[in-house]
Peer 1: 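The structure follows.
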There are 2 protein chains.
Amino acid sequence: MQITSKFTAAVHILACIDIFGGQMRVTSDFLSGSTGVNAVIVRGVLGQLRAAGIVETRQGSGGAHLAKALDEVTLYDIYKAVDCVDDEGLFHFHENPNAECPVGRNIHKSMDGRLQAAQAALENELKSTTLAQVVADTRKIIDEE
Amino acid sequence: MQITSKFTAAVHILACIDIFGGQMRVTSDFLSGSTGVNAVIVRGVLGQLRAAGIVETRQGSGGAHLAKALDEVTLYDIYKAVDCVDDEGLFHFHENPNAECPVGRNIHKSMDGRLQAAQAALENELKSTTLAQVVADTRKIIDEE
DNA sequence: TAAAGTTGTAACTATAATTGTTTCAACTTT
DNA sequence: AAAGTTGAAACAATTATAGTTACAACTTTA
């Protein structure tokens with residue numbers, strides 16, 4: 001099981017928009033070239049980021065732009081935007097526990113809080129890092145190359 | 001994206017082994033009935049739990065038994081046993097970033113540590129709860145019914 | 001020792017999720 | 001009007017998950 005690669009692709013995309021946005025028009029085709037992700041998928045990700053208020057795009061003119069400051073976007077915002085984990089939660093209960101068995105009808109209840117806590121721990125960690133930090137690290141690595 | 005339901009099924013199975021193990025033989029067929037999970041899948045999960053040293057099973061005689069005290073098994077041990085997340089990690093990098101792009105060839109490096117930290121936060125939370133706690137909660141809920 | 005019941009496992013199927021692809025209308029700029 | 005772009009629908013390919021069928025190996029017990 002793995003979280004969709006659209007998440008890391010989205011971070012990559014946002015880093016590109018910041019790093020290359022000054023010099024050129026950052027189109028879905030360019031982003032496809034940098035990420036290795038199909039241009040239609042890139043446009044899909046950009047659409048999700050747009051819906052979340054993270055980027056701006058326009059038909060025709062082309063080129064994506066950031067809609068927020070880098071330090072106002074956390075990895076969690078991106079994770080939510082690309083819908084890594086749906087409303088059902090990260091953990092997936094087996095679906096037909098037997099209600100006639102005392103364990104079967106209660107196991108969900110007795111685990112739920114703990115599983116939610118684990119998911120929250122993951123998400124809080126993602127909230128603690130901003131795009132500004134990731135882009136700063138990326139720029140630093142590039143400069144040191 | 002969701003973590004395999006074999007994880008919650010495994011916890012359910014272990015709770016059943018503890019709660020019903022005194023009174024009866026807890027077979028894969030019985031566990032299939034309580035969990036609603038196919039008996040062959042149950043046997044597969046039991047095999048993984050056995051490989052991890054958490055349960056004991058034997059061909060022929062039937063009936064699974066716990067190989068450890070309830071408070072010596074954490075949710076993390078079960079999560080590892082049923083292989084919820086493989087060696088690649090919870091997060092999944094897009095696979096063909098362009099090495100000729102400065103962002104493409106460095107994004108992995110600049111995100112990796114933070115993604116590992118997020119995964120570790122999840123796993124540490126799972127380490128903090130034992131099967132003893134889950135079974136105690138389950139028994140309590142059953143008693144209050 | 002034969003019968004019944006069970007585990008372990010391989011091979012296969014069904015279903016769902018993920019990613020990629022094709023196609024084209026709508027839009028903007030030149 | 002032409003060129004380039006986004007948005008989105010429809011479909012295909014691939015992979016992952018869970019279920020199913022089938023059966024050999026094993027244990028108990030009658």
Side-chain angles (χ1 to χ4, degrees), chain A residues 1-10 12-13 17 21 24-33 35-52 55-65 67 82-97, chain B residues 1-10 12-13 17 21 24-33 35-52 55-65 67 82-97:
Chain A
M1 190 283 313
Q2 293 192 299
I3 285 177
T4 174
S5 61
K6 289 202 292 180
F7 173 60
T8 56
H12 184 152
I13 285 167
I17 294 173
M24 57 181 294
R25 199 160 45 139
V26 182
T27 65
S28 61
D29 234 42
F30 172 81
L31 291 167
S32 176
T35 57
V37 172
N38 187 282
V40 177
I41 306 292
V42 168
R43 292 205 283 274
V45 171
L46 283 170
Q48 291 179 300
L49 293 172
R50 173 165 34 85
V55 300
E56 283 166 358
T57 59
R58 274 166 65 211
Q59 271 192 333
S61 60
H65 299 275
V82 300
D83 211 23
C84 289
V85 170
D86 66 23
D87 294 340
E88 305 262 306
L90 177 61
F91 294 94
H92 180 32
F93 260 91
H94 48 299
E95 291 178 357
N96 306 303
Chain B
M1 190 285 311
Q2 292 192 298
I3 284 177
T4 174
S5 62
K6 289 202 292 180
F7 173 60
T8 56
H12 184 151
I13 284 167
I17 294 172
M24 58 180 295
R25 199 160 44 139
V26 182
T27 66
S28 62
D29 235 44
F30 172 82
L31 290 168
S32 175
T35 58
V37 172
N38 187 281
V40 177
I41 306 292
V42 168
R43 292 204 284 274
V45 171
L46 284 171
Q48 292 179 300
L49 294 172
R50 175 164 34 83
V55 301
E56 282 166 359
T57 60
R58 274 167 65 212
Q59 271 192 330
S61 60
H65 299 275
V82 301
D83 211 23
C84 290
V85 170
D86 65 22
D87 294 339
E88 305 262 306
L90 177 61
F91 293 95
H92 181 32
F93 261 91
H94 50 298
E95 291 178 355
N96 305 304

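Below, chain A is the first sequence line, B the second, and so on; all start at residue 1.
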Peer 1: From the set dA25(D), dG20(C), dG19(D), return the single nucleotide nearest to any side-chain atom of Val37(B).
Peer 2: dG19(D)
Peer 1: Using whole Å, what does the distance between atom P of nucleotide dT7(C) and atom CZ of Phe30(B) come to?
Peer 2: 12 Å
Peer 1: Given atom CZ of Arg43(B) and atom C1' of dG5(C), what is their separation to the nearest angstrom?
Peer 2: 11 Å
Peer 1: Atom CD1 of Ile41(A) to atom P of dT22(C): distance rounded to whole Å?
Peer 2: 13 Å
Peer 1: Please report, rounded to the nearest Å, how far the C1' atom of dG7(D) is from the CG atom of Leu49(A).
Peer 2: 15 Å
Peer 1: I want to check one thing: is the phosphate of dT29(C), taken as OP1 and OP2, less than 4.0 Å away from some side-chain N or O of Arg58(A)?
Peer 2: yes
Peer 1: For a quick check of understanding: with a heavy-atom distance under 4.0 Å over all strands, which category does Gly63(A) fall into, base, sugar-phosphate or nothing?
Peer 2: sugar-phosphate
Peer 1: Quick one: is Arg25(A) getting a side-chain N or O under 4.0 Å of the dT5(D) phosphate, OP1 or OP2?
Peer 2: yes
Peer 1: Grab the NE2-C1' distance between His94(B) and dT18(C) for me, whole Å please.
Peer 2: 16 Å
Peer 1: Given 3.5 Å as the limit, does a donor-acceptor pair link the side chain of Thr27(B) with the main chain of Gly63(B), or not?
Peer 2: no
Peer 1: Take Val40(A) and Thr4(A), find for each the nucleotide of DNA chain C with the closest heavy atom, and name the residue whose nucleotide sits nearer the 5' end.
Peer 2: Thr4(A)
Peer 1: Would you mind reading off the distance between His65(A) atom NE2 and dT28(C) atom P, rounded to a whole angstrom?
Peer 2: 14 Å
Peer 1: To the nearest Å, give me how far apart CG (Asn96(A)) and P (dT20(D)) are.
Peer 2: 10 Å
Peer 1: On the nucleotide dT19(C), are OP1 or OP2 found under 4.0 Å from the side-chain N or O atoms that Ser5(A) carries?
Peer 2: yes
Peer 1: If every non-hydrogen atom of Ala67(B) is compared with every non-hydrogen atom of Glu56(B), which pair is closest and at what distance?
Peer 2: CB-CG, 4.0 Å
Peer 1: Testing the basics here: between Ser28(B) and Arg43(B), what is the closest heavy-atom pair and its distance to 0.1 Å?
Peer 2: OG-NH1, 3.2 Å
Peer 1: Is it the case that the side chains of His94(B) and Thr8(A) hold a donor-acceptor pair, with the cut-off being a distance below 3.5 Å and no angle test?
Peer 2: yes
Peer 1: Under 4.0 Å between a side-chain N/O of Ser61(A) and OP1 or OP2 of dT5(D), yes or no?
Peer 2: no
Peer 1: Rounding to an integer number of Å, can you tell me how far Glu95(A) CD sits from dT15(C) C1'?
Peer 2: 12 Å
Peer 1: Check whether any side-chain N or O of Gln2(A) sits under 3.5 Å from a backbone N or O of Val85(B) as a donor-acceptor pair, and report yes or no.
Peer 2: no
Peer 1: From the options dG7(D), dA18(D), dT19(C), select the nucleotide whose nearest atom is closest to the side chain of Thr57(A).
Peer 2: dG7(D)
Peer 1: For dT30(C), which nucleotide is its Watson-Crick or G-U wobble mate, given both distances must be under 3.5 Å?
Peer 2: dA1(D)
Peer 1: Considering only dT28(D), dT20(D), dG8(C), which nucleotide approaches the side chain of Asn38(B) most closely?
Peer 2: dT20(D)
Peer 1: Between Gln2(A) and Val26(A), who's closer to the 5' end of DNA chain D by nearest nucleotide?
Peer 2: Val26(A)
Peer 1: Could you grab the distance from atom CZ of Arg50(A) to atom CZ of Arg58(A), nearest 0.5 Å is fine?
Peer 2: 12.5 Å
Peer 1: By nearest heavy atom, map Leu46(B) and Ile3(A) onto DNA chain C; which one lands nearer the 5' end?
Peer 2: Leu46(B)
Peer 1: Using a 4.0 Å heavy-atom cut-off, does Gly60(B) contact any base of the nucleic acid, only the sugar-phosphate backbone, or nothing at all?
Peer 2: base
